[in-house]
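Sequence lines set the chain letters: A, B, ... in the order given, protein chains first and strands last, and positions in each chain run from 1.
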There are 4 protein chains.
Amino acid sequence: MARPRSEEKALAILEAASSCFAERGISASTAMIAKHAGLSEGTLFRYFPSKEALINELYLYLKKTLCAYLSDGFPLSATLEQRARFLWFSYISWGVKNPAANITLSHLDVGDFITPELKQKAAEFFPDMGIHEEFVQSTVFSGLNRGFADSVFQALAYSTVKFAAKDPNNAEAYKHAGFTVFWKMLE
Amino acid sequence: MARPRSEEKALAILEAASSCFAERGISASTAMIAKHAGLSEGTLFRYFPSKEALINELYLYLKKTLCAYLSDGFPLSATLEQRARFLWFSYISWGVKNPAANITLSHLDVGDFITPELKQKAAEFFPDMGIHEEFVQSTVFSGLNRGFADSVFQALAYSTVKFAAKDPNNAEAYKHAGFTVFWKMLE
Amino acid sequence: MARPRSEEKALAILEAASSCFAERGISASTAMIAKHAGLSEGTLFRYFPSKEALINELYLYLKKTLCAYLSDGFPLSATLEQRARFLWFSYISWGVKNPAANITLSHLDVGDFITPELKQKAAEFFPDMGIHEEFVQSTVFSGLNRGFADSVFQALAYSTVKFAAKDPNNAEAYKHAGFTVFWKMLE
Amino acid sequence: MARPRSEEKALAILEAASSCFAERGISASTAMIAKHAGLSEGTLFRYFPSKEALINELYLYLKKTLCAYLSDGFPLSATLEQRARFLWFSYISWGVKNPAANITLSHLDVGDFITPELKQKAAEFFPDMGIHEEFVQSTVFSGLNRGFADSVFQALAYSTVKFAAKDPNNAEAYKHAGFTVFWKMLE
DNA sequence: AATGAATGAGTGTTCATTCAT
DNA sequence: AATGAATGAACACTCATTCAT
């Protein structure tokens, strides 16, 4: 099952999977995904040996994409609040711009599709923004498993994106409320 | 008269569904659920006319159970902090004692399986604890859709339960961290 | 499986079966039939040992009922045309008054649910109206299996009832057209 | 390119459906049909998206086949009697040669499986043989719904085929008797 | 390398029939 | 005698995966 060369097709499948999973849940069929990608049913399996493998790769792909977005322009040497603010609003902005990706990621993060190992691996993509350390040393989370803060942060972000997307007129209010909560957690 | 329909079996199905959904997601099969409940496949459908109906009833059942747990001993006339504290620790305690129920509820609350109407109905089971109002009028959430605060609260609670259950030695620490965040949101 | 005494309930089941089969085809469920008869699912099987037996008894019941209707007032010693006319218009009248029975009988007569032996037995219920002989000796059907004439007659009658019921304004025209064809067959 | 979808298999399914429906009625299972066609259950649904669609296509297929048979050698400019005679004997001959098709068509024509629209569409396959007009304007049927004449004709033909097939020694006699009735209806 | 036809286990659901009550 | 809960085989249909082309 040597991976064929067309990176473009692999990407098309990942994007199609993201949008199908967002629309129909993880039970969206491989046939539907292949069709959305403009490929035939069998071809999908030349790029991903199984649906499970596709799901895993999709998880990594989405996290990488998100991570690249967050890194772009990140003010590494700014104050903590400035960095946190940048992180938060970038995160939400990505979610609002990529609703399918956001929904799919929330499905994948909540379900049992992704092994803890893979989640750990994905977490490592995130550049050192000097925030995690603050998080872990904050009054609230000090001494606890780093994943806990992540988990709370993500859940907060998913909810914020969901409500901002559903009620665009108040999007800014949701974003700021979310940030307020986030910032309180760091204090 | 024929054998009466047994409430016990309906409960067995609901419990089996909760544990199967927790383990396999909502796509766990009705056959698997029936087997876990110790019944034949057909019997499940005498108690619940469809999988969808089972899911809806399970949602109400779990919310009711949770609600009863929270109401038990609730200090109606205590200070806000005392009430919030009771609510939080009861919530987490229930989740830790009923991990399958907690996971299943998180699946149901995040997915599209339950209609907003049913969610609303379930929300009405909860006794008036004088907390919602504070929540909604708090500095953070004032003016926003009430569902947003709920959603954030629940996400926080689910994460807390998850980590407390996974790492029982530090359970207390997670619970207190979670409460701290919760309380900050109310201020 | 001794037949219980309540003849009334057996009749209720037969009538319910007739109306359910008319509405839903022979695949109407025994549960539905029992419900229409005002009985519980299991009770049906105390009166008829199986669905197949019910179908067979229903066939005989409907044919008997029809036959009694045709016999009522039959002018045994009138001319052939008068007898034929009476037979025809009675037949159609019964069908129009008992649409469910008519539809159910047409289902049973056309399918393979009823054995030829039973059909033969049912045919013998019909009183000697001195018409069959004419039929068999008519120019058209002389020398052929008596069932052939029956079959054609019934098909003609079913069609006539169907169209008369569907288009009541022209019911009389259909009846007379049907009779004309019938009469031509006897000449 | 992958294996092309084989017209042969679609035909095998249609033929299998025809024979299963003839034997067991329209409730014959898709599994049985697939097995008779020498295919797996799933394959049937690649050729026909649902049982209902299969039934509809089968109806059209059988009507088309019958129509092609009737058209072959039809003496378009002969006298009415000659045309009627050709039509009748061809019809019966086709039915006798294709007993399953004849039985299946009779089930489909009498039941509620085929929409009036589809029946209308199938009727249009039949070439203009200049007989319908005579039929509809005949003394007997003039002024009545065209479907009535059709219905009577078909019922007559189905009965004739049934008896001719069951009693081959007298097949000719049944055919001629049937034609006599048909012809009387046209006069 | 790409295709899509073929597969068969699996899905939610129905139903004739049995049997404990 | 009557009930209706319980059953499990059967149903129409889906789908991840394989493989001939």
Side-chain angles (χ1 to χ4, degrees), chain A residues 1-6 9 27-35 38-55, chain B residues 1-6 8-10 27-35 38-55, chain C residues 1-6 9 27-35 38-55, chain D residues 1-6 8-10 27-35 38-55:
Chain A
M1 190 63 58
R3 191 58 61 82
R5 55 175 179 268
S6 165
K9 282 179 187 167
S27 64
S29 75
T30 52
M32 182 194 184
I33 294 167
K35 195 173 182 183
L39 300 170
S40 68
E41 297 178 37
T43 302
L44 185 150
F45 290 91
R46 299 191 60 79
Y47 287 81
F48 303 92
S50 68
K51 189 180 184 180
E52 197 189 346
L54 168 59
I55 289 171
Chain B
M1 208 192 346
R3 239 168 311 174
R5 191 176 294 205
S6 85
E8 188 191 331
K9 277 176 190 161
S27 66
S29 74
T30 51
M32 182 193 184
I33 295 167
K35 198 172 185 178
L39 301 168
S40 73
E41 295 184 38
T43 300
L44 185 150
F45 289 94
R46 289 190 74 83
Y47 285 83
F48 302 94
S50 67
K51 188 180 185 180
E52 196 188 347
L54 168 59
I55 289 172
Chain C
M1 191 62 60
R3 190 60 62 82
R5 56 175 180 268
S6 166
K9 282 179 186 166
S27 65
S29 75
T30 52
M32 182 195 184
I33 294 167
K35 195 174 184 181
L39 301 169
S40 68
E41 297 178 39
T43 302
L44 184 151
F45 289 92
R46 300 191 59 79
Y47 288 82
F48 303 93
S50 68
K51 189 180 186 182
E52 197 188 348
L54 169 59
I55 289 171
Chain D
M1 209 193 346
R3 240 168 310 172
R5 190 176 295 206
S6 88
E8 188 192 331
K9 276 176 188 159
S27 65
S29 75
T30 51
M32 182 193 184
I33 294 167
K35 197 173 188 178
L39 300 168
S40 73
E41 295 183 40
T43 300
L44 184 149
F45 290 94
R46 289 191 73 83
Y47 285 84
F48 303 93
S50 67
K51 189 180 185 181
E52 196 188 347
L54 169 58
I55 289 172

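- Nearest to the side-chain atoms of A/Ser50 among the listed nucleotides F/dA12, E/dT7, F/dT17 stands F/dT17.
- Closest of all the heavy-atom pairs between C/Glu41 and C/Ala34 is CA-CB, 3.9 Å.
- As rounded to whole Å, 15 Å separates atom C1' of F/dC11 from atom CG of D/Leu54.
- Nucleic acid contact for C/Ala34: none, since no nucleic acid atom lies under 4.0 Å from a heavy atom of the residue.
- We find the CG-OG1 distance between D/Leu54 and D/Thr30 to be 9.0 Å, quoted to the nearest 0.5 Å.
- Note that the CE atom of C/Met32 and the OG atom of C/Ser27 stand 9.5 Å from one another [nearest 0.5 Å].
- Taking only side-chain atoms of D/Tyr47, from C-beta outward, the nucleotide of E/dA5, F/dT17, F/dA6 with the closest atom is E/dA5.
- Taking only side-chain nitrogens and oxygens, D/Lys9 comes nearer than 4.0 Å to OP1 or OP2 of E/dA6.
- In this structure, the NZ atom of D/Lys51 is 15 Å from the P atom of F/dA10, given to the nearest Å.
- In terms of phosphate contacts, B/Arg46 brings no side-chain nitrogen or oxygen within less than 4.0 Å of OP1 or OP2 of F/dA6.
- Contacts of A/Thr43 classified as side-chain hydrogen bond (donor to acceptor under 3.5 Å, both in side chains), with partners at least two apart in sequence or in another chain: A/Ser40.
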What are the atom names and distances for every N/O pair under 3.5 Å that joins the protein to nucleotides 8-10 of chain E?
none

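- D/Tyr47 contributes a side-chain N or O that, together with a main-chain N or O of D/Ser6, makes up a donor-acceptor pair within less than 3.5 Å.
- As judged by a 4.0 angstrom heavy-atom cut-off over every strand, C/Ala53 is placed among residues making no nucleic acid contact.
- For A/Leu44 and F/dA16, the CG to C1' distance is 10 Å, given to the nearest whole Å.
- Atom-to-atom, NZ of B/Lys35 to P of E/dG12 comes out at 15 Å; the value is rounded to the nearest Å.
- Place A/Ala31 and D/Glu52 on DNA chain F by their nearest nucleotides, and D/Glu52 ends up nearer the 5' end.
- Out of F/dT3, F/dC13, E/dT17, the shortest distance to the side chain of C/Thr30 is found at E/dT17.
- Here E/dA6 presents its P atom at 18 Å from CZ of A/Phe45, a figure rounded to the nearest Å.
- When the nearest nucleotides of DNA chain F are assigned to A/Ala28 and B/Ser6 by heavy-atom distance, the more 5′-ward of the two goes with B/Ser6.
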* **For DNA chain E, the dot-bracket pattern of Watson-Crick and G-U pairs whose distances stay under 3.5 Å, | for other-strand partners** => .||||||||||||||||||||
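- Between the CZ atom of C/Phe48 and the P atom of E/dT18 there is a distance of 16 Å, given to the nearest Å.
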